[in-house]
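For reference, the structure discussed in these notes is given below.
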Amino acid sequence: MTGAPPTTSPSQVPVGVDPNRPSIARIYDGFLGGKDHYEVDRAVMHKINEAVPEAVDIAKGNRGFLNRACRFLAGQSSIEQYLDCGSGLPTAENTHQIVQRSNPDARVVYVDNDPVVLAHGRALLEENENVHMVEADIFTPSAVLTNETVRRHIDFSQPLVLLHVGTLHHFEGDGGPDVMREYIDALAPGSYVVFSHFYDPQVPELTALAKRIEEILVHGPMGAGRFRTKDEILAMLPGLEIVKPNATTGPDLVACDEWWPDGPRLTPLSKAARCIAGIVARKP
Ligand code: SAM
């Protein structure tokens with residue numbers, strides 16, 4: 001992000017938002033080119049850009065992965081229900097727009113706890129009767145799984161697509177596998193999980209880059225943003241079968257940009273783009 005992005009005026013600040021505290025959702029959206037960020041968010045974005053100028057590739061790679069994974073599952077599975085945890089601010093292409101293109105009857109429940117996401121989400125995302133926005137803490141799975149709106153629109157006896165894209169790296173500590181296990185236990189066989197996470201590929205120059213961003217996120221006002229290793233990430237998907245991530249015979253875990261890209265790469269992947277991993281996995 002360069003230059004001075006437009007500022008959201010105080011009259012547009014949704015109720016309950018503290019514009020003095022940076023928000024994951026607004027910073028991420030800012031990297032994707034969105035406009036709903038405040039001075040505190042821009043200060044964090046500026047620090048990240050100074051430390052890693054190509055950091056924007058992490059956000060873009062992540063969102064591109066989410067879009068392709070949704071298109072893939074909507075086109076190739078017969079699943080009609082999607083639970084999108086930590087859905088973020090409405091952006092150019094949202095889960096329901098992608099999946100309803102293949103199946104207009106597909107149901108999508110978005111879950112987030114950021115007041116700006118909830119305000120904008122309700123205004124912009126709930127555009128048809130099959131799309132709903134829920135406020136809940138996604139790191140307390142029981143709060144999501146027992147939520148009345150979630151239960152009304154998602155039938156857990158049938159396969160569903162659970163999205164946890166760009167979320168668990170904001171969960172501190174080593175409880176991520178327990179959080180995800182609780183979600184996975186609630187899924188019917190044949191369900192899919194779409195998952196992405198900040199990735200430390202354990203290659204010295206990439207680990208160094210990851211640490212530079214982690215330092216800003218974890219030790220700054222955000223307080224969270226961990227780059228985890230392959231083993232740490234795979235431990236969050238217990239009992240799932242990973243869908244082959246591309247046409248090569250390479251590893252199960254790849255950078256988001258390498259997950260079934262739309263075509264051959266015309267330019268090399270940046271180092272930052274290698275530091276976010278994307279996985280689609282199926283519950284047998
Ligand atoms: N999933 C979207 C994507 O990948 O494009 C957005 C990812 S954004 C980096 C992370 C989102 O998770 C933000 O919208 C943030 O508000 C939400 N989030 C973080 N912690 C949360 C929590 N405890 N409960 C609900 N949502 C949370």
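In listed order, ligands and their atoms are each counted from 1.
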In terms of residue, atom name and distance, what is the protein heavy atom nearest to [atom]?
atom: atom 4 (O) of ligand 1; result: N62 ND2, 2.8 Å
atom: atom 24 (N) of ligand 1; result: I138 N, 3.0 Å
atom: atom 9 (C) of ligand 1; result: G166 O, 3.4 Å
atom: atom 16 (O) of ligand 1; result: D112 OD1, 2.6 Å
atom: atom 11 (C) of ligand 1; result: G86 O, 3.5 Å
atom: atom 8 (S) of ligand 1; result: Y28 CD2, 3.7 Å
atom: atom 20 (N) of ligand 1; result: F139 CE1, 3.6 Å

Going by the atom numbers of ligand 1, which of them fall below 4.0 Å from some non-hydrogen atom of [X]?
X: A136; result: 24 (N), 25 (C)
X: D137; result: 22 (C), 23 (N), 24 (N)
X: D114; result: 16 (O)
X: G88; result: 6 (C), 14 (O)
X: A25; result: 13 (C), 14 (O), 16 (O)
X: L66; result: 3 (C), 4 (O), 5 (O)
X: R63; result: 2 (C), 3 (C), 5 (O)
X: S87; result: 1 (N), 2 (C), 6 (C)

Parallel, tilted or perpendicular, as decided by the 30° and 60° cut-offs, for the rings of H96 and Y110: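 Judged by the thresholds at 30° and 60°, the geometry between Y110 and H96 is perpendicular.
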
Parallel, tilted or perpendicular: rings of F227 and F198 (30°, 60°):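 Ring orientation of F198 relative to F227: parallel.
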
side-chain contact (heavy atoms from CB on, under 4.5 Å) between L66 and L163, worked out: CA-CA 9 Å; L66 184 154; L163 292 102; 4.1 Å; yes

Check ion pair R152-E148 (N to O, under 4.0 angstrom):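 Yes, charged N to carboxylate O under 4.0 Å.
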
salt_bridge(D36, R26) N-O dist < 4.0 Å: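 The answer is no: the pair does not qualify as a salt bridge.
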
Where on [X] is there a heavy atom closer than 4.0 Å to ligand 1, on the side chain, on the backbone, on both, or on neither?
X: T91; result: neither
X: C85; result: neither
X: S196; result: neither

Step-by-step side-chain contact (heavy atoms from CB on, under 4.5 Å) determination, R63 to F65: CA-CA 5 Å; R63 194 69 198 188; F65 160 73; over 6 Å; no

Geometric N/O contact I24 with ligand 1, under 3.5 angstrom: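 Looking only at distances, the answer is no, because the N/O contact criterion of under 3.5 Å is not met.
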
Other residues, nucleotides, ligands: >12 heavy atoms within 6.0 Å of R122 CZ: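 Yes, enclosed.
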
Neighbour count >12 (heavy atoms, 6.0 Å) for atom CG, D174: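 Count not over threshold, so no.
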
Distance, nearest 0.5 Å, that separates CZ of F156 from CG of L145: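 If I round to the nearest 0.5 Å, the distance is 5.0 Å.
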
Separation of R226 CZ from L168 CG (nearest 0.5 Å):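 Between L168 CG and R226 CZ, I get 13.5 Å after rounding to 0.5 Å.
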
Heavy-atom donor-acceptor pair, R68 side chain to G64 backbone, under 3.5 Å: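 Answer holds: yes.
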
V144, I27, N113, L89: member with heavy atom nearest to atom 22 (C) of ligand 1: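 Among V144, I27, N113, L89, the closest heavy atom to atom 22 (C) of ligand 1 belongs to N113.
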
H164-Y183 aromatic ring centre distance below 6.0 Å: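 Ring centroids of H164 and Y183 are less than 6.0 Å from each other.
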
